[in-house]
Amino acid sequence: MDSRMIVCAFSSYNFGIFASQHQTMAYPFQSIEKKWQSFWASNHTFSAKFPSDKPKYYVMDMFPYPSGAGLHVGHPLGYIASDVVARYKRHKGYNVLHPQGYDSFGLPAEQYAIQTGQHPSKTTETNINRYREQLDRLGFSFDWGREFRTSDPSYYRWTQWIFMQLFNAWYDTKIDQARPIDELINHLVAHGTKNLSAHCDEDTNSITADQWSSLSEDEQQAYLLHYRMTYLAESEVNWCPQLGTVLANDEVVNGVSERGGYPVEQKKMKQWMMRISSYAERLLNGLDTIDWPEPLKEMQRNWIGRSVGATVRFTVDNHDAEIEVFTTRPDTLYGVTFMTLAPEHDLVNRICTSNHKAEVDRYVKQSANRSERDRMSDVKNITGVFTGSYAIHPLSGKKVPIWIGDYVLAGYGTGAVMSVPCGDQRDFEFAKHFDIPITNIFEGVEITDAAHTEKGETRIANSDFLNGLNVSEATQAAIKHLEKIGSGTAKIQYRLRDAVFSRQRYWGEPIPIYFKNGIPHLLPEHCLPLALPEVEKYLPTPTGAPPLGNAVDWAWDETKEKVVPVCLIDEKNVFPLELNTMPGWAGSSWYFNRYTDANNQNAFADRDKLDYWGKVDLYVGGSEHATGHLLYSRFWQKVLFDLGYVPMDEYAQKLINQGMILGDSAFIYRKTGTQTYLSAGLIEGQTVEPINVDVTYVDSSNVVAHDRLHEWRPEFAQATFELQEGKLIAKREIEKMSKSKYNVVNPDDICDQYGADTLRMYELFLGPIEQAKPWNTAGISGVLGFLNKFWRLFHNDQQFVVSDEQPSPAMLKSLHTTIKKVTNDIEQFSLNTAVSAFMICVNELTSAKCNHRGILQPLTLLLAPFAPHICEELWEKLGHTQSLFDQPYPLADASHLKETQITYPISFNGKMRFTIALDAETSKEDIEKAALADERTAQYIGGKAIKKVIVVPKKIVNIVIG
RNA sequence: GCUGAAGUGGUGGAAUUGGUAGACACGUUGGACUUAAAAUCCAAUGAACAGUAAUGUUCGUGCGGGUUCAAGUCCCGCCUUCAGUACCA
């Protein structure tokens, strides 16, 4: 059979045959890429040096979680961008640290273990190997000598070590620093809590030095938990029954779990917590010192949620109780006509009167049963109930009723508000709904329909000593007065809550804690790592304990200092170990420090190396970590800084968020209940359901290779297709790239067909790095064409030929324009326009038939960060014996860029002015002369005198004629 | 609702930050080469109108105003899309 016929028959479908046709014409990227990848690997070309006299540059990617699905073309975008920068900085003479590792603890490996019984470490190992293969094909300049995995004991022993440092630290609010716990103990021994300025739990009792000394050892330890940076506390947590674990606030999205989308409920549990709230102010202020994207900073600011106001205490009439509230509007104190408590508030039971008890109980129960979701979707519905009790207004002494309403959140502020219906819309609606009186305290403002919430120039009325003051004056005056009479104080409130640190999971870092008499104790430091034990089953135990409860060997012998079987727990000096593990964000909260000294056995990193490498100069990763990893890691860094372990309290000077590369899903339509599939244009008037088709079976004009679909899914062999003009046309839709949508494009396939250099440049060429953009394989031919042209500049037929003649000024201009543009673009991370600049240059050189060494050699260097393989190959062919990776980058020579003459007249505005392009050094006389010399201009001026020459920035002049 | 980002050809996107709008690429059309296809090269390609033609004119950066010799870019008022957040007192 004639092979040509096969090509014709399948050419519109079969990309494989397309590809082989490309290859016959393309430069031999397959062999070149293999050659240089193994050259770089065996020469350790990219290992970062220490010590070094060179200036350092630290460029890092957010390390990947190695999932089972492998990489798709969307994943490497950020790595490509950072790799261009890393290689560029090497050419610029920097000692570059460009590491990579794996965030390898996580849920998917554990879920897989639950289903199959395979140990998560095995799954993880397989996935990592696959990731590494895929990454290696793209020619990254990673220093793999510094690779680590967060699930490796040699790494997580230091995660555990940091946990210990946090456990042994407290926050001194006077000097705004975390300090060793011993300092706190010394203070307690000497003075009790007197003059102690510490960030601690709200309900911590004050004690005297004598009281402290009289406490037992256990009681002292229990007391210290109120101060430690990581502490054990009974708290409301987001419990996800389906996942069988608690979730951090940022892991809950719209009331369901981020991973899996399962419902989340509130539950009280004893959990390890991180006292991140003590760093709220510093996390906020630190944002002003780092060059991160403004939207991301804004997200963190909102998440921290600083609000300035005051706490005010109201005594409850006829009860020995006080209600403390937080308000941002102390100026509206005289507008308070009722109080509202969250249904979960501690005082609810105590203060509700007997005749209201039944109603209150019912309401509290009803609110408790409503899920977060219901509450959110039901914002409009106003509900509440009166307690029967009254609070005494601290200024007016009047009695105001105390209500319960679920619009007040237990988790924010004090869980109670002073309600000012005239000044707050929710209070207003609540008051209207329940017919509670509304007092107007604003001068000349109408409040019949809505509360008056603007502050502006409003003056306060009806408010005793605040009358006539504006909002900010009244706020100051009110706080001053409250402080004088002891009923309140100025206060800054944050939305940021302490972070839950326990997970009821197997595949995470064990927490290095054992319990003696129910009191948590740290393992001795030299006993780390506390290795993850083997278990039979990865599910919780029958009694509901976390999976580590299944371990046979999971008890601590305090004297022998080692892990022993659980069955020995009743023996002397043997105690239970903590069963919870750390959350996913633990390992990633300090990893940037580890890269500086990844193989250190004796410390998490050597201080000299931390000092030398300093801050990450460029950190590239997705913005989805804004309120998770990127906040937690800043927090840990600040703690480590306070305790003197790291040299700076912000770890990344510049952050770039790369946008997602989206998939282009394809759908055909199945007639409901049949095996008949319709082309997208035929669905009118039919009952159909859209069916995803794997995009590898769809070509760029949306034609589906329906006769090959059965290769993908055997059931299509039985299907019938209704075609349009003989073709099955798919409907396209841009969505997130995902396995389940069958729109995944595998970088391996692209490397096979087009080569890694082409893939690298094409991903950058797609658009601005920060922007989300759809993948479209069709466009990639332009980049391959560019690299082929570039290759051909050096070749005559298959023969390598370059000329040593002097290049022409036009060629030099083309080269130096490109050098200038590309260098600028890299510095500004505008990598898509840099790629365009290369294309323009090569087009110009091609039409000029340029093969001069003086042009091509610097151009090869210039292109090397983008397309390293082809450039190394050409560099070698140019006669160099050294790799080009650390050759000095070419510099733009301005002398080649000079414009020598006025170019052309551009446009008339119709009457008196026209505009011409000119050079920076052109004089006014030159302009006049040029204007008159130009035929068209002279014709227009028609002998009239030039009245005025207006030189507007750089390039353009306006000439006014009279 | 609030906060943030963005709206430019058939498509992805450029535009030195107020100065020739649509670079570069895809796609499309035509041509060269070829028995043919692929590949490669060359040309055209925002819209409308006029002209055999070279060319010219008008309109064009979501909509409506404004500032300016000059606006995609700045100001005011809208509309739309995306993202984050949500009863935060």
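Numbers restart at 1 for each chain; the letters A, B, ... are given by sequence-line order, proteins then strands.
- Searching all strands for a Watson-Crick or G-U wobble partner of B:C41 with both distances below 3.5 Å returns B:G31.
- In this entry the distance linking CD1 of A:Ile304 with C1' of B:U85 reads 14 Å, nearest Å.
- B:A36 is unpaired under the Watson-Crick or G-U wobble criterion, no partner having all donor-acceptor distances under 3.5 Å.
- Closest-nucleotide positions on RNA chain B for A:Thr328 and A:Ser847 were compared, and the one nearer the 5' end corresponds to A:Ser847.
- Of the candidates B:A15, B:G12, B:A89, the closest approach to any side-chain atom of A:Phe765 belongs to B:G12.
- Across the strands present, B:C26 finds its partner in B:G10; the criterion is a Watson-Crick or G-U wobble pair with both atom distances under 3.5 angstrom.
- Looking at heavy-atom distances under 4.0 Å, A:Asn832 makes contact with sugar-phosphate atoms alone, never a base.
- At the heavy-atom level, A:Pro774 lies nowhere under 4.0 Å from the strands shown.
- Across B:A43 and B:C33, the matching C1' atoms stand 15 Å from one another, rounded to whole Å.
- Checking B:G51 for Watson-Crick or G-U wobble geometry (two distances, each under 3.5 Å) identifies no partner in any strand.
- What separates CZ of A:Phe838 from C1' of B:A23 is a distance of 16 Å, to the nearest Å.
- With rounding to whole Å, A:Asn824 atom CG is found 15 Å from B:A14 atom C1'.
- With P as the reference atom, B:G9 and B:U35 are 44 Å apart, rounded to whole Å.
- Side-chain atoms of A:Asn743 and A:Ser665 include a donor-acceptor pair closer than 3.5 Å.
- When atom types are taken as modelled, the side chain of A:Tyr762 and the backbone of A:Ser781 share no donor-acceptor pair closer than 3.5 angstrom.
- When the nucleotides B:C26, B:A89, B:A15 are ranked by their closest atom to the side chain of A:Val417, B:A89 comes out on top.
- Residue A:Gln771 places no side-chain N or O under 4.0 Å from the OP1 or OP2 atom of B:A6.
- Across all strands shown, B:G84 is found opposite B:C2 as a Watson-Crick or G-U wobble partner, with both distances under 3.5 Å.
- Rounded to whole Å, atom C1' of B:A89 lies 13 Å from atom NE2 of A:His345.
- Across the protein-nucleic acid pair, A:Ile734 atom CD1 and B:U11 atom C1' stand 10 Å apart, rounded to whole Å.
- Residue-level contact check: A:Gln425 touches neither bases nor backbone, having no heavy atom under 4.0 Å from any strand.
- A:Gly405 and A:Pro343 make their closest contact through O-CD, 3.5 Å (heavy atoms, listed as atom of the first residue, atom of the second, distance).
- A salt bridge links A:Arg301 with A:Asp288: at least one charged nitrogen is closer than 4.0 Å to a carboxylate oxygen.
- Within the 4.0 Å cut-off from OP1 or OP2 of B:G4, not a single side-chain nitrogen or oxygen of A:Arg301 is found.
- Contacts of A:Asn843 with the nucleic acid, taken as non-hydrogen atoms under 4.0 Å apart, involve only primed sugar atoms and P, OP1 or OP2.
- Of the nucleotides present, B:C59 is the one that pairs with B:G46 by Watson-Crick or G-U wobble criteria, both distances under 3.5 Å.
- In terms of phosphate contacts, A:Ser623 brings no side-chain nitrogen or oxygen within less than 4.0 Å of OP1 or OP2 of B:A83.
- Taking every side-chain heavy atom of A:Leu409 into account, B:A89 is the closest of B:U85, B:A89, B:G4.
- No side-chain N or O of A:Tyr632 forms a donor-acceptor pair with one of A:Thr627 less than 3.5 Å apart.
- Counted by atom type alone, A:Tyr363 and A:Thr383 present one or more donor-acceptor pairs between their side chains at under 3.5 Å.
- Rounded to a whole Å, the NZ atom of A:Lys821 is 12 Å from the P atom of B:C24.
- In terms of position on RNA chain B, the residue among A:Ile780 and A:Asn302 whose nearest nucleotide sits closer to the 5' end is A:Asn302.
- Residues A:Thr311 and A:Thr489 have side chains that never bring a donor and an acceptor to within less than 3.5 angstrom of each other.
- When the C1' atom is used for both B:G13 and B:U61, the distance is 13 Å, rounded to whole Å.
- Neither OP1 nor OP2 of B:A25 sits under 4.0 Å from any side-chain N or O of A:Tyr762.
- Among the atoms of the strands shown, only primed sugar atoms or phosphate atoms (P, OP1, OP2) are found under 4.0 Å from some heavy atom of A:Lys789.
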